[in-house]
Amino acid sequence: MRRPWTAVFRTACRTEKDRGKCRPRKPRTGFVTEMIPMPDLEPKATHGMVVVGEETVYLSHMPMFMAPHAFQYLLEVTLQSAAGDARQLYVDDRRTTGTAVYTLAPEPFRISDLIAPEGQRPKLTSFTGTLFRGHFERGGVEILDPVTVEVQDIVHFHPFDHHASRPAALNYLAFGKGKELFLAHRITKAPDFDHHIAVRPVPGATGTVLTDDLLREGPRLEITGRADRPEDRLRESDQVTVRFLEGGPADVDLQLTVGREIYEEEGDLATEIHIH
């Protein structure tokens, strides 16, 4: 069953000191109670997104440490186009060309319109944009224009906080469904990096695996033996041990093999402008 829009979305506001500037939400079944800071005034802007997945399509915001782009969020979506089956057209193009990076340039919108208090429908549940093979600001090629995006779920959502502390160990967010499993580096503070990779369980490994039920919790993972910096990011063919920090069983290790790198960006996250 598709989860309702009157939902609780996860953010980085987790401590007592954050509660004065965040609004509490009641959790839906299986969700952790969180706090969501709501900006007083947010202009509309173009919020570019990386396109991830084939059987299920995800959009990952390409953030910067400046308003109004200072949020990391992952959306599960469906795609529609007058040209035909938009998802299949995108998948066929990806498989034919072998290109790793696909991006979406949406119409301007307010990020805060994606979320809503319990019992209310968000102002924004669909939007239009242009789908690109490659980076839409760096010579990407249009493949669908316009394409309509229908948001099915918010997998992860957190605003950046310049008071936050960078974790010592490398942190990723897990998402996906079925055989498609992905990790996105959890962004904290500048200088930082955006990184999306495919992963799969190590063949023959015993213990917990990233099931659909676990992935619905938006687990945050720590990579054993890796510092949280670009040079220590996960790379293709790496086999790593990870553990749950949030959204999964404590004291349980996962064994993962890293697949294809989908997207990596450092320049847009090199500089931090304080966000109050």
Side-chain angles (χ1 to χ4, degrees), residues 9-22 32-39 42 45 47-50 52 58-75 111-112 114-115 154-175 182-197 199 215 217-235 238 240-248 250 254 256 258 261-276:
F9 304 123
R10 305 170 181 81
T11 78
C13 290
R14 302 181 181 279
T15 64
E16 286 287 341
K17 70 178 182 179
D18 292 321
R19 293 182 182 176
K21 58 184 179 182
C22 301
V32 177
T33 303
E34 301 288 355
M35 304 289 186
I36 297 178
M38 302 294 289
E42 179 195 349
H47 299 288
M49 305 179 207
V50 180
V52 182
Y58 298 90
L59 298 179
S60 180
H61 183 221
M62 303 161 74
M64 295 181 285
F65 290 111
M66 59 180 292
H69 305 287
F71 294 83
Q72 183 174 20
Y73 59 83
L74 288 161
L75 310 177
I111 291 175
S112 56
L114 289 168
I115 58 178
I154 296 186
V155 179
H156 178 83
F157 186 102
H158 84 267
F160 298 144
D161 178 359
H162 69 275
H163 296 298
S165 298
R166 179 189 298 280
L170 189 59
N171 278 207
Y172 280 87
L173 304 165
F175 63 104
F182 305 100
L183 299 182
H185 178 245
R186 191 180 191 281
I187 300 167
T188 307
K189 63 186 302 182
D192 214 326
F193 66 103
D194 198 0
H195 190 220
H196 295 70
I197 53 172
V199 296
L215 291 168
E217 299 301 316
R220 180 179 173 184
L221 306 176
E222 179 181 270
I223 314 303
T224 303
R226 301 283 185 103
D228 196 62
R229 57 189 183 183
E231 54 267 37
D232 281 344
R233 72 182 186 272
L234 299 182
R235 299 177 188 273
D238 282 352
V240 294
T241 300
V242 306
R243 68 182 186 91
F244 290 98
L245 293 180
E246 298 165 3
L254 300 172
L256 298 176
V258 180
E261 182 175 84
I262 298 165
Y263 180 74
E264 198 269 341
E265 174 64 37
E266 298 176 40
D268 284 350
L269 297 165
T271 303
E272 181 165 343
I273 298 175
H274 285 187
I275 303 138
H276 299 283

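Heavy atoms only: backbone and side chains are in, while hydrogens, waters and symmetry mates are out.
Shortest non-hydrogen contact noted between Ile111 and Glu42 is N-OE2, 2.6 Å. Across all their heavy atoms, Ser60 and His196 have their closest contact at OG-NE2, 2.7 Å. Closest non-hydrogen pair, Tyr172 versus His185, comes out as CD2-N, 3.3 Å. Taking all atoms of both residues into account, the shortest heavy-atom contact from His158 to Ile187 is NE2-O, 3.0 Å. Pairing each heavy atom of Val50 with each of Tyr263, the nearest pair is CG2-CD2, 3.6 Å. Across all non-hydrogen atoms, the minimal contact from Ala270 to Ala190 is O-CB, 3.8 Å.
Glu265 has its side chain out of reach of Pro63: every pair of non-hydrogen atoms, C-beta onward, lies at least 4.5 Å apart. Contact check for His61 versus Leu59: no side-chain heavy atoms found under the 4.5 Å cut-off. Residues Arg233 and Phe193 meet the side-chain proximity criterion, which asks for heavy atoms closer than 4.5 Å. Counting only heavy atoms from C-beta outward, the side chains of Phe65 and Leu269 approach each other to under 4.5 Å. With contacts defined as side-chain heavy-atom distances shorter than 4.5 Å, the pair Asp268/His69 does not qualify.
Judged purely by atom type and a 3.5 angstrom limit, Thr224 uses its side chain to pair as donor or acceptor with the backbone of Thr241. Between the side chain of Asp161 and the backbone N or O of Pro159, no donor-acceptor pair lies under 3.5 Å. Judged by distance alone, the side chain of Arg166 and the main-chain N or O of Lys189 form a donor-acceptor pair under 3.5 Å. Using a distance-only test at 3.5 Å, with no hydrogens or angles considered, no donor-acceptor pair links the side chain of Arg235 to the main chain of Glu261.
One finds the CG atom of Leu245 at 7.5 Å from the CG atom of Leu221 (value rounded to the nearest 0.5 Å). Between atom CZ of residue Arg220 and atom CZ of residue Arg243 there is a gap of 10.5 Å, rounded to the nearest 0.5 Å. Going from atom CZ of Phe182 over to atom CD1 of Ile197 covers 10.5 Å, rounded to the nearest 0.5 Å. Rounding to the nearest 0.5 Å gives a distance of 11.5 Å between CD of Glu264 and CG of Leu234. To the nearest 0.5 angstrom, Leu215 atom CG is 11.5 Å from Leu173 atom CG. With values rounded to the nearest 0.5 angstrom, Asp228 atom CG is found 10.0 Å from Ile223 atom CD1.
A salt bridge links Arg229 with Asp232; the closest basic N to acidic carboxylate O contact falls under 4.0 Å.
Residue Leu170 is tested with Arg186, His195, Arg226 for a side-chain contact (heavy atoms from CB on, under 4.5 Å); the sole match is Arg226.
Phe244 is linked by a ring-ring contact (aromatic ring centres under 6.0 Å, His included) to nothing, counting only residues two or more places apart in sequence or in another chain.
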Let's go through Leu114 and His47 carefully: what are the C-alpha distance in whole Å and the side-chain angles of both, what is the deciding distance for side chain to side chain contact (heavy atoms under 4.5 Å, CB included) to 0.1 Å, and is it a yes or a no? CA-CA 12 Å; Leu114 289 168; His47 299 288; over 6 Å; no
